Amino acid sequence: MGPLALPPLPRSPRRGGPGLRGGLLGAALLWGVLLAAHADPDPHRDGAEPCRACRGLADSFIRGLERTEHEGFGGGNTAWEEEKLSKYQHSETRLLEVLEGVCSPSDFACHQLLERSEEHVEQWWFHERQQHPDFFQWLCVDRLMLCCPPGTYGPDCRSCAGGPRQPCSGNGRCDGDGTRRGTGLCVCSPGYGGPFCAECGDGYYEASRNKSHLVCAECYQACGRCTGPEDSSCLRCKRGWVLHEHRCIDIDECGTEMAHCRANQYCVNTEGSYECRDVDECASAEEPVCTGVQEVCENTEGSYRCVCAQGHIRRDGQCVEDKPPDAPEKGFFDDVTDDEVVVLQQMFFGVMICALATLAAKGDMVFTAIFIGAVAAMAGYWLSDRSDRVLDGFMKGR
């Protein structure tokens, strides 16, 4: 389904009669209903938590009250404006102006919750504000029952572990604190432990304590339990270490049966543990394992292979230099272009004309000289930029 074109929410007038309650409030809430109708049918699917949504709505509502606290008070006739302001502060007009900005257009969960809560909001605004000024407590805890007071959890708002005044001794968080969900059990901060987070956890020691607070600090890295930060203050060691005179000594697993490596691996001891590494057959062999020309050894998982050195490829079982094969040499006339053919033709006809002219002159020296000059000029033109290839061609018999 495509997006619904929603009608713009009308701005509420500053002043209005008693009929506004049925019209303007309905228009404001219609906006939320239309948006909610196109929202995800499961409000928890996107991870929205009911109490968090209600708290957000309540906080936004209170900000709206603060924003409209002095609207309409311009500083003119003070007595008259104070009288009008007093009426506005408790009016339906102000309520609608606050509701218009409570939920952002894309916050479908907020719009759904606002639509569900409209009667409660009106009741609080017109009848309960003086007796119950805490809007969040009245709406989210007492009426909608989506939240619990701080330090309590679950459907019945039971006390968290460690008590509601200081859940988990202040060293962790109560699961479900302030909501109608959770287990109430403590999730301790790093370094703390116990059912109420009132003890130091593994690897930490008690640095200071009074009636209300406990401070835990980290032990020496090998100690599982300790009395201080020194390496000589260990009471118990972490796995991979052994206690000796209040010090934790690293266990060499490679020298005992504690290490388990495969046949093609060797053991390397580390602090508190060990590592199994692949044997490098290329580096550990006493003699070269790849003896072919231009062959090198490449280590693999549990074995090795012989490959050609860089810049070489395997061809016919041998490693040869990786370069293209030599191209056959070209002859004298291989690269002659069409334009050059035309020039050759013109040269040929020129020579023939000169020869015929010489014969017609019966060997006259003037025409003979002209003939020889013409042949030399045409040959020079032809050979000027091809002399190297001419000589190379003649040397190779081409």
Side-chain angles (χ1 to χ4, degrees), residues 44 46-56 59 136 140-141 146-256 258-260 267-276:
H44 308 302
D46 63 351
E49 201 274 332
C51 179
R52 187 184 305 118
C54 192
R55 182 181 294 277
D59 291 344
F136 167 77
C140 300
V141 178
L146 296 177
C147 300
C148 286
T152 62
Y153 75 98
D156 302 324
C157 294
R158 297 183 178 180
S159 296
C160 289
R165 298 186 63 181
Q166 193 177 24
C168 305
S169 306
N171 301 319
R173 63 176 180 83
C174 167
D175 181 39
D177 188 1
T179 74
R180 298 280 172 159
R181 298 182 175 183
T183 63
L185 300 178
C186 288
V187 180
C188 299
S189 303
Y192 297 88
F196 307 120
C197 302
E199 306 170 8
C200 292
D202 287 349
Y204 290 79
Y205 68 95
E206 188 176 298
S208 63
R209 177 193 288 271
N210 57 29
K211 292 182 179 180
S212 58
H213 291 87
L214 166 68
V215 177
C216 296
E218 195 168 4
C219 297
Y220 179 70
Q221 60 177 354
C223 300
R225 298 290 295 178
C226 67
T227 57
E230 301 82 10
D231 63 348
S232 59
S233 303
C234 299
L235 300 176
R236 177 170 55 81
C237 297
K238 295 180 180 178
R239 184 176 180 180
W241 307 77
V242 62
L243 187 65
H244 178 70
E245 295 181 353
H246 298 291
R247 282 184 168 86
C248 291
I249 310 300
D250 175 50
I251 299 174
D252 184 1
E253 291 87 355
C254 297
T256 67
M258 299 175 65
H260 301 282
C267 178
V268 177
N269 185 57
T270 61
E271 289 191 354
S273 186
Y274 68 96
E275 294 179 356
C276 292

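All values derive from a computational prediction rather than experimental measurement.
Although no hydrogens or angles enter the test, the distance criterion places a donor-acceptor pair under 3.5 Å between the side chain of Asp250 and the main chain of Gly272. Between the side chain of Asp231 and the backbone N or O of Tyr220 there is no donor-acceptor pair closer than 3.5 Å. Distance alone, capped at 3.5 Å, is enough to place a donor-acceptor pair between the Asp175 side chain and the Thr183 backbone. Between the side chain of Thr152 and the main chain of Pro149, a donor-acceptor pair closer than 3.5 Å is present. The closest donor-acceptor contact from the side chain of Ser169 to the backbone of Asn171 lies at 3.5 Å or more, if one exists at all. With Tyr274 contributing its side chain and His260 its backbone, the two residues share a donor-acceptor pair below 3.5 Å.
Here the straight-line distance linking atom CZ of Arg209 with atom NZ of Lys211 works out to 13.5 Å at 0.5 Å rounding. With values rounded to the nearest 0.5 angstrom, Cys219 atom SG is found 9.5 Å from Arg236 atom CZ. From Ile249, atom CD1 reaches atom SG of Cys237 across 8.0 Å, with rounding to the nearest 0.5 Å. Between Leu185 atom CG and Arg173 atom CZ the span is 11.0 Å, to the nearest 0.5 Å. Between Glu245 atom CD and Ser232 atom OG the span is 11.0 Å, to the nearest 0.5 Å.
When all heavy atoms of Gly151 and Pro167 are compared, the pair lying nearest together is CA-CG, 3.8 Å. Scanning both residues, Cys226 and Cys223, for their nearest heavy atoms gives CB-CB, 4.1 Å.
The SG atoms of Cys51 and Cys140 are placed at least 2.5 angstrom from each other. A distance below 2.5 Å between sulfur gamma atoms is not met by Cys248 and Cys234.
Looking at heavy atoms from C-beta onward, Gln166 lies out of side-chain contact with Phe196 at the 4.5 angstrom threshold. Side-chain contact between Arg225 and Asp202: present, with at least one pair of heavy atoms (C-beta onward) separated by less than 4.5 Å. By the 4.5 Å heavy-atom criterion applied to side chains, Glu253 and Asn269 are counted as neighbours. At least one side-chain heavy atom of Cys157 sits under 4.5 Å from a side-chain heavy atom of Arg180. Between Glu199 and Cys188, the closest side-chain pair of non-hydrogen atoms is not below 4.5 Å. For the pair Tyr153/Cys148, no side-chain contact is recorded, criterion being any heavy-atom separation below 4.5 Å from C-beta on.
Residue Asp177 is tested with Cys160, Cys168, Cys186 for a side-chain contact (heavy atoms from CB on, under 4.5 Å); the sole match is Cys160.
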Show the numbers, then the answer: is there a disulfide (SG to SG under 2.5 Å) between Cys267 and Cys276?
CA-CA 5 Å; Cys267 178; Cys276 292; 5.7 Å; no

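By the 6.0 Å contact criterion, CZ on Arg158 is open, its count of non-hydrogen atoms from other residues, nucleotides or ligands being 12 or less.
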